[in-house]
Amino acid sequence: MSEQTTHQKIALITGANKGIGRAAAEQLAALGMTVLIGARDPRRGEEAAAALRAAGGDAHALTLDVTDQATARTAATQVEERFGHLDVLINNAGITGSGQVSPQDAYDQIPSSVDLDMVRAVFETNVFGVIAVTNAMLPLLRRSPAPRIVNVSSHAASLALTSDPAGPFTALLPSAAYTPSKTALSALTVQYANELRKDGILVNAVAPGFVDTDSNNHSGHLTPAQGAAVVVRLATLGADGPTAGFFSEDGPVPW
């Protein structure tokens, strides 16, 4: 089936079988978009897509491991064959490197003793994976009349916030993997935005806040739906919306 006669908006979300990604998928589906549930595990992806369809949304599972360029290219081919274009890309898939622990318990992130292989693994998903998926999907995004890219980041990416000795991040352990990966994602967001500005592709980073997810051992105080709200807002910007920005629900986040 190809969407050639009428422009049905298509959104792809990586890591969308749970947490913020799934909540964003639910909200975009409720707005009438066709939502593609990117997930490494085909079974979990299909379960999430089936749940969205049961709730009345148009959702489809898409097997996608952001650390595997071949699956990104295959996913792009599948999107092209079925829909012909892509309107929204939400790069949501990410890992902390420390597993399912609260940030204050992530002792393996301390810079002076961090495992370099762990740092590499985090950057592979949180930074290089974004490049792989974005570049695979760009030809499809260029076919959209209003393409949007949203990179899901964190307040921890902000050098201004994390370098403030009186700020909220002083209570957390120093992070040599997750936090720098999100700071790198900020820089990457700006570079893509600068390149794609002339094409009308708006590219922004978003800090959902401290959301109750597996990645922080469910210590967050926001629900996934609350965290996803700002993601969806950036994914549905009008033509006069910002690009090369970093936003939370409260507005711009300092770099």
Side-chain angles (χ1 to χ4, degrees), residues 2-16 21 24-25 27-29 31-38 60 62 64 66 69-94 125-153 157 182-208 228 230-248 251-253 255:
S2 178
E3 303 282 350
Q4 300 297 332
T5 54
T6 60
H7 190 89
Q8 171 64 20
K9 285 200 170 183
I10 313 297
L12 166 61
I13 307 171
T14 64
Q27 293 175 27
L28 290 173
L31 292 175
M33 288 194 192
T34 294
V35 179
L36 307 181
I37 305 293
H60 309 271
L62 190 66
L64 178 54
V66 304
Q69 280 190 285
T71 72
R73 289 191 292 264
T74 299
T77 297
Q78 292 171 341
V79 175
E80 180 175 25
E81 290 174 349
R82 182 160 189 175
F83 303 104
H85 71 278
L86 185 67
D87 299 279
V88 174
L89 171 61
I90 299 177
N91 287 305
N92 167 74
T125 294
N126 297 0
V127 182
F128 307 145
V130 171
I131 297 173
V133 174
T134 300
N135 288 356
M137 299 298 165
L138 265 176
L140 298 171
L141 286 162
R142 293 183 190 278
R143 298 177 187 174
S144 168
R148 306 290 179 257
I149 299 174
V150 182
N151 294 329
V152 178
S153 187
K182 292 301 186 179
T183 305
L185 181 60
S186 294
L188 191 61
T189 299
V190 171
Q191 296 305 314
Y192 269 113
N194 287 343
E195 178 190 356
L196 302 174
R197 191 189 309 267
K198 66 183 184 302
D199 302 320
I201 302 178
L202 304 185
V203 188
N204 292 286
V206 61
V230 66
V231 178
V232 171
R233 180 164 61 81
L234 270 292
T236 55
L237 287 172
D240 59 347
T243 194
F246 184 18
F247 301 94
S248 72
V253 178
W255 296 111

Out of the candidates V206, V130, N91, only one should pair with V152 under the side chain to side chain contact (heavy atoms under 4.5 Å, CB included) rule; please name it.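 So the option named by the test is V206.
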Just one of V133, I201, N151 clears the side chain to side chain contact (heavy atoms under 4.5 Å, CB included) bar with L89, so which one?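 Exactly one pass, corresponding to V133.
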Main-chain N/O of G84 paired with R143 side-chain donor or acceptor, under 3.5 Å: yes
Closer than 3.5 angstrom, by distance alone: can the side chain of Q8 be matched with the main-chain N or O of G32 as a donor-acceptor pair? yes
Roughly how far apart are [X] [atom1] and [Y] [atom2], rounded to 0.5 Å?
X	Y	atom1	atom2	answer
R148	I90	CZ	CD1	12.5 Å
L64	I37	CG	CD1	12.0 Å
I10	D87	CD1	CG	6.5 Å
T74	Q69	OG1	CD	11.5 Å
N194	T243	CG	OG1	8.0 Å

Checking L31 against V232 for the side chain to side chain contact (heavy atoms under 4.5 Å, CB included) test, could you report, in this order, the C-alpha distance in whole Å, the side-chain angles of both residues, the deciding distance, and whether it holds? CA-CA 10 Å; L31 292 175; V232 171; 3.9 Å; yes
Check: [Y] and [X] side chains under 4.5 Å, non-hydrogen atoms:
X	Y	value
Y192	I149	no
V231	Q27	no
L28	T236	yes
S248	V230	no
E81	T77	yes
K9	S144	no
Q78	L36	no
N126	L185	no

Could you walk me through whether L138 and L196 pass the side chain to side chain contact (heavy atoms under 4.5 Å, CB included) test, one step at a time? CA-CA 10 Å; L138 265 176; L196 302 174; 3.7 Å; yes
Heavy-atom pair of closest approach, residues [X] and [Y]:
X	Y	answer
A132	V66	CB-O, 4.1 Å
I13	A24	CD1-C, 3.9 Å
S153	S186	OG-OG, 4.4 Å
N92	G15	ND2-O, 2.9 Å
R142	E195	NH2-OE2, 4.5 Å
A29	V35	N-CG2, 3.6 Å

Can you list the steps and then say if L237 with N204 is a side chain to side chain contact (heavy atoms under 4.5 Å, CB included)? CA-CA 10 Å; L237 287 172; N204 292 286; 3.6 Å; yes
